[in-house]
Amino acid sequence: MLDAAFIRANLEAVKSNCKNRNLVADVDKVIVIDDERKKLLSNIQAIQQKQNELSKLIPKEKDLVIKQQLAGEGKSLREQANAMEAQAKEIESNLKSVLNIIPNMTHPDAPVGLLAEDNKEIKHWGQPRKFDFTPKDHVALCDSLQLADFEAGASVAGQKFYYLKNEGALLELALVQYAMNTLVQEGFIPVITPDLARIEVLEGIGFIPRDPDPEKRQVYTIADTDLCLVATAEITLGGMHRDQVLDEANMPLRYAGLSHCFRTEAGAPGKDTRGLYRVHQFTKVEMFAFCTPEQAEGIHLDILRIEEKIFQGLGLCYRVIDTCTGDLGGPAYRKYDLEAWMPGRGKDGDYGEVTSTSNCTDYQSRRLNIRSKSQGQKGTRFAYTLNGTAVAVTRAIVAILENNQQADGSVIIPEVLRPMIGKDRIVPR
RNA sequence: GGAGAGGUGGCAGAGCGGCUGAAUGCGUCAGUCUCGAAAACUGAAAUACUCGCAAGGGUAUCGGGGGUUCAAAUCCCCCCCUCUCCGCCA
């Protein structure tokens, strides 16, 4: 969420930012409500001041009648203050719900546009493979090599659930290991996070688990609790330091978090319905950084560099996308995606998103109340948060299988994964 | 899941209705002393919000939320968390 004072000072910029992001938000209302809030607050404080002064008089007062009278006065002040406080609470929750809709500001260099076509390709690595046979898609490969069982997944948990089997299962473990190792080498702290988190934490990160429209809810909630299944370790990693003041001497704090990810995919009916591309559950290694405002942009580029390093290591062709304003998520100030070439996607192959890294500035930390402080500096400031995918396992598997398939139906395992799998090729059984 | 104990400033730890934004110790910072340091001594030091051009006020905060009271760190209720013991379990 943005700071109300910032919105007040940058009203027009905030409005045009909403427009660029194709969002309707009542920005003016923030100021109206905030004015109301401030006025009420100062009235409350004046009453509280009177209350405090009065309370100090009472113990000194010898005359019982006057004492009685002062107490009565105090009581009426308390009642006034209570009523106003209830009102203030309501105003604050109104303010919060208006603020929640307003997205983060946008990096001045991010491409402006509303459609996916407005995204800008800023880099390309490798060449899409040319086949001298007709390549299969990953669903066919999973089937012929017995790497996944979608029928069993559907039978046990429903559509878009799956079992990984044989080298499919080993591939997941190997990818996790590969990603973790790479990140540890880069100085990240490896973490395995909870797969569940409280609703407030999800909201702090920018999810809306309580969206009144069930079609829009992206996460599963656990009945009779205030918990959700996490959609990404970004949630649990970001929540890790909530309500804390971090020492800037220790920043940036960089974590490599492993978790399962659960997504209802409610808004995407009929899209990518087959196979592993869009599923309700997958495993992911996520990068997350807490840093100072000064460090954020450098770290963002560094996360992108690491994502590239990981996919180059897997030998996969990809392009890097600078996401346009209309495609940015609410908390993101700027976002880069890696899209890997997937020969089985669409009619003749297509790029598919495999990673995404966002600089969320202080948008998340403001809600999660994550501050930082440096020695000798007065006061605190909100930490900046960044996140990025290291490996989303199912998407990586799609790209590996489709790109590395051979005419004889086998699939060559990327060299970096061979030590963990113990072979260099998956052959039909 | 059951029983008990507890959550106070950077840490340790007192306070158990008003004089407590909070003793004391340690740590931190500045000064005195010193060639320099240590020790000793002296002093400073929370965060957020809010009013004000500023100087400087005010309000809130002792795990969180409610309540009692003129007045709550202190009393009552609910929740969260930590520790110990028991149970259960991978």
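Throughout, a chain's letter reflects where its sequence line sits, starting with A, and its residues are numbered from 1.
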Return the value, rounded to whole Å, for the distance between atom CZ of A/Arg37 and atom C1' of B/rC49. 7 Å

Would you kindly say whether A/Lys284 and A/Thr232 are connected by a side-chain donor-acceptor distance under 3.5 Å? yes

For A/Gly379, report the nucleic acid contact type (base, sugar-phosphate, nothing); a contact means any heavy atom under 4.0 Å. sugar-phosphate

Could you give the CG-to-C1' distance, from A/Asn52 to B/rG18, as a whole number of Å? 12 Å

Candidates B/rA46, B/rA71, B/rG58 - which lies nearest the side chain of A/Gln49: B/rG58

Rounded P spacing from B/rU74 to B/rU8 in Å: 14 Å

Yes or no on ring pair (Phe, Tyr, Trp, His ring centres under 6.0 Å) for A/His300 and A/Tyr336, after CA distance, side-chain angles and deciding distance? CA-CA 9 Å; A/His300 196 200; A/Tyr336 302 112; 4.8 Å; yes

Which of these nucleotides, B/rG18, B/rC80, B/rA46, is closest to any side-chain atom of A/Arg198? B/rC80

Taking atom types as modelled, find out whether A/Asn369 and A/Arg367 have a side-chain donor-acceptor pair closer than 3.5 angstrom. no

Give the rounded distance in Å between these two atoms: CD1 of A/Ile370 and C1' of B/rU47. 17 Å

Check if the side chain of A/Gln45 and the base of B/rG58 share a donor-acceptor pair of N or O atoms closer than 3.5 Å. yes

Measure the distance from CG on A/Leu54 to C1' on B/rU59 and round it to the nearest whole Å. 17 Å

Minimum-distance nucleotide to A/Gln48 side chain [options: B/rC80, B/rU59, B/rA71]: B/rU59

Separation of A/Asn43 atom CG from B/rC51 atom P, in whole Å? 12 Å

Go through it in stages, so that I can follow the logic: the residues are A/Lys373 and A/Asp247, the test is salt bridge (charged side-chain N to carboxylate O under 4.0 Å, His left out), and I'd like the CA-CA distance, side-chain angles, deciding distance and then a yes or no. CA-CA 5 Å; A/Lys373 188 178 169 72; A/Asp247 184 350; over 6 Å; no

